Structures are given as C-alpha cells and as structure tokens.
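All figures in this text were calculated on a predicted structure; none of them were measured in a lab. Quick note on labels: first sequence line is chain A, next is B, and so on, each numbered from 1.
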Amino acid sequence: MDDTQIVVKVRIADLNIVKAPHLIRTSGLGSCVGVVLYDLSRKVAGLAHVMLPDSNLAKQLNMNEFKYANTAIDYLIKELCTNGARKYALQAKLAGGAQMFQFESSNDLMRIGPRNVQAIQEKLRQYGIPVVAMDVGGNSGRTIDFDPATGNLKIRTVNKGELVI
Amino acid sequence: MEDISRLSTVQMDVLREIGNIGAGNAATSMSKLINKKIDMQVPSVNVVAFDEVMEMIGGPETPIVGIMIHISGEATGKVYFILSIEEAESLVKSITNEHDFNLLSDKEPNELVLSALKETGNILTGSYITALSDFTSLQMQPSVPYLSIDMAGAVLTVGLIEVSQVTDYAIIIDTKINDSESADGIHGNFFFLPDPEAFPKIFKVLGIENNG
C-alpha cells in the first residue's frame with residue numbers, strides 16, 4: 001500500500017472525500033462553512049466547502065449542487081456511503097461562517113455566514129448526524145485540515161493561531 | 001437569466017474601458033494622496049471560476065488587506081481595493097507618522113492605522129465609482145468603506161455571494177496601479193465586481209445590445 005500522505009484540496013463550492021492516511025483541506029473560509037462528515041472507525045471522511053444555505057435560492061439553470069448546504073450534504077452522505085462509511089456512524093464537525101466585514105446593514109446576504117451554519121445544522125439534524133464539534137462565527141478567515149484517522153479538525157487563522165477540535 | 005459568463009469582444013472592450021476610466025481617476029487621487037507618480041496598467045476583464053478569483057491575488061490563504069465598497073443605485077456591485085500586507089503597511093507609513101505597528105499581529109492595530117487605510121480606500125474607490133457613474137450616467141452610490149485584513153478567500157468571497165446565486169463564474173475588472181518612483185513602492189489592485197443585473201444596464205447605456 002502507498003503510504004505517502006497526500007492532502008486532498010477542496011475548492012470553494014466544491015466537495016471531496018478522503019481515506020486515511022490522507023488528509024483533506026480547504027483554505028480561506030470566510031462566510032463559507034467547511035462541513036466535515038466522517039465515519040471514524042472506517043477512517044473515511046468527506047468535506048464540503050459550502051457557500052450558500054439553500055439551493056431553493058438558486059436562480060441558475062445548471063445548478064452546482066456542491067455550492068449549497070442542503071444539496072452538498074445530500075451528495076456528501078451518498079458519496080461517503082458508497083466509499084465504505086455507514087450512515088448511522090457518521091459524525092460532523094464544522095468550521096467557518098464568519099462575518100468578514102462589520103456591516104451595519106441587515107441585508108440577509110451580508111449575514112450569510114450565520115445562515116450557512118444554521119442551514120447545515122438543520123440539514124444534519126434531519127439526517128440525525130451529530131455535530132460533535134464546531135468553530136463557527138467570529139470575524140476571522142479559516143483554513144481547515146481534517147484527518148480521517150484521528151477525527152481531528154485543525155483550524156488555522158491569520159492572527160488567532162491554530163486550534164484543533 | 002441570461003448567461004453572463006459569455007461576453008462578446010465588444011462587451012469585453014466596454015468593461016475594459018470602464019476599468020480604465022475608474023482606475024484612472026483613482027490613480028490620480030492616489031497620486032495626490034501620497035504625492036508620487038502612479039502608473040496604471042491596462043485593465044483586464046476576467047471571467048473566472050470562484051477559486052480562480054482567489055488565485056488572481058496569490059491563492060485563498062494569502063493574507064491581504066481588502067477595502068470594500070458596496071455600490072447601490074442603478075448599477076450595483078462591489079469595488080475592492082486590495083493590497084498585500086507589506087504594501088498596506090508602507091502606504092500607512094507614507095501618509096501617517098505611525099511606524100511602529102504590524103497589521104498581522106494578534107492585537108488590533110491602533111485606530112489611526114485602521115482609519116488611514118479605510119480613508120485611503122474610501123478616496124480611491126470613491127473616485128473609481130464617481131468616474132464610472134459619470135461615464136455611464138448611471139446613478140451609483142458608494143457605501144462607507146469596509147476593511148478586512150485576512151485570508152484572500154475569506155475577504156473576497158463576500159463580493160461573490162451576490163453573483164453566486166446566479167452562476168459559478170465572476171466577471172472581474174482588474175486594474176493594477178503602481179507607484180512608479182520606487183522599486184518597493186505601492187502596488188494595488190482594483191477589483192470591480194458588478195452584480196449580474198448591472199451588466200445589461202451598463203451595456204444598454206453605452207449602446208451595446210445584450211448579445212452584441
């Protein structure tokens with residue numbers, strides 16, 4: 001078996017899955033939320049870089065289902081289960097959903113971070129997937145790395161250092 | 001809604017001209033502000049996927065200083081003035097007497113430093129928008145300037161939320177300005193991100209058919 005550790009990178013409005021010993025990463029989360037779903041004993045994990053809360057907001061014909069909380073989570077669960085994860089064993093960790101600029105306006109689009117977090121929590125509740133840890137809100141950008149072997153989510157910020165949840 | 005990611009050559013030319021006029025005016029303001037000659041590069045019009053937006057300024061994790069203005073009125077959108085951390089620090093040093101600060105430290109830089117950055121952004125993006133508004137005769141009002149010093153991905157996504165509801169591509173009118181007098185001078189990028197609904201309006205007032 002190839003034991004070189006690779007880091008699978010997930011871009012904005014995209015998702016992917018990873019198996020140990022490899023890691024999965026997404027960079028520069030602001031109002032977006034990184035959703036990690038994993039089956040710890042099978043050592044498999046999926047990560048979605050969610051940009052918007054709800055695909056029903058989509059005004060687009062060829063919709064990118066990885067962009068929205070609801071559709072990305074549906075897809076991620078399916079993909080994980082075809083790759084050895086068991087639906088009942090899935091757990092979740094979340095990071096992101098910050099507000100990068102301090103707006104005075106109450107425009108909904110400006111509060112997209114908290115709305116993303118809410119939509120994700122609601123969707124996971126429907127599936128009965130527990131959120132075991134999260135680092136959300138605030139006003140810092142985050143880069144996250146997940147290790148499916150340990151279940152650790154490492155969160156890096158520009159000026160508030162590193163955190164593992 | 002029509003696909004805004006397919007632009008004709010004429011439409012591209014018009015958007016480039018818009019960048020030229022906006023950034024040209026902003027460069028003049030910058031030049032007055034720091035009392036140096038400022039050069040402006042030919043604007044580029046980029047139709048890019050969201051992750052490529054971050055790549056345009058060094059990748060999603062690169063720390064940047066982003067000053068953003070929201071445009072309301074007849075043609076809405078966002079204008080960013082983007083600087084690297086070092087450039088922003090040298091800009092602040094050249095317009096204030098503050099020398100002992102660090103924009104990336106864990107404690108907030110003092111209020112004078114932050115307001116110098118915001119005010120610079122305000123002047124520059126304000127003159128950008130004024131020039132656009134005059135050129136197109138479309139009413140465009142700038143918001144107050146918003147400042148964020150953080151990862152490029154996190155800072156720029158704010159400007160993509162509006163467009164992301166319609167497509168997975170952003171049209172960015174990018175203009176670089178340089179302080180031509182010193183090698184380590186100020187380089188900044190203006191990103192103008194019109195909202196999807198703004199494009200047909202801009203094209204119409206400038207006499208270009210939507211699918212021309």
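Within 6.0 Å of atom CZ in A/Arg11, 12 or fewer heavy atoms from other residues, nucleotides or ligands are found, so the atom counts as exposed in its surroundings. Remark: B/Lys118 NZ is loosely packed, at most 12 non-hydrogen atoms of other residues, nucleotides or ligands lying under 6.0 Å away.
In this structure, B/Leu104 and A/Val158 approach most closely via the heavy-atom pair CD2-CG1, 3.1 Å. Taking all atoms of both residues into account, the shortest heavy-atom contact from A/Gly30 to B/Ala154 is CA-CB, 3.5 Å. Taking each heavy atom of A/Met100 and B/Val158 in turn, the nearest pair found is CB-CG2, 4.0 Å. Closest approach of B/Ser164 to A/Met51, counting heavy atoms only: CB-CE, 3.6 Å.
The candidate from B/Ser148, B/Pro63, B/Gly153 with the greatest count of non-hydrogen atom pairs under 4.5 Å with chain A is B/Ser148.
Rounded to the nearest 0.5 angstrom, A/Leu29 CG and B/Thr157 OG1 are separated by 8.5 Å. How far CG of B/Asp168 is from CG of A/Asp14: 10.0 Å, rounded to the nearest 0.5 Å. In this structure, A/Asp54 CG and B/Gln165 CD are separated by 10.5 Å, a value rounded to the nearest 0.5 Å. Atom NZ of A/Lys67 sits about 5.0 Å away from atom CZ of B/Phe50, to the nearest 0.5 Å. Distance CZ/A/Phe101 to NE2/B/His70: 12.5 Å, rounded to 0.5 Å. Distance check: B/Asp51 CG to A/Lys9 NZ gives 12.0 Å after rounding to the nearest 0.5 Å.
For chain B, no part of A/Ser55 is nearby; none of its heavy atoms comes within less than 4.5 Å. With a threshold of 4.5 angstrom between heavy atoms, B/Leu147 approaches chain A through N, CA, C or O but not through any side-chain atom. Proximity to chain B involves both the backbone and the side chain of A/Arg156, based on heavy atoms less than 4.5 angstrom apart. Only the backbone of A/Asn139 has a heavy atom closer than 4.5 Å to any heavy atom of chain B.
Within the 4.5 Å cutoff, the side chain of B/Ile161 has heavy atoms near those of the A/Ser31 side chain.
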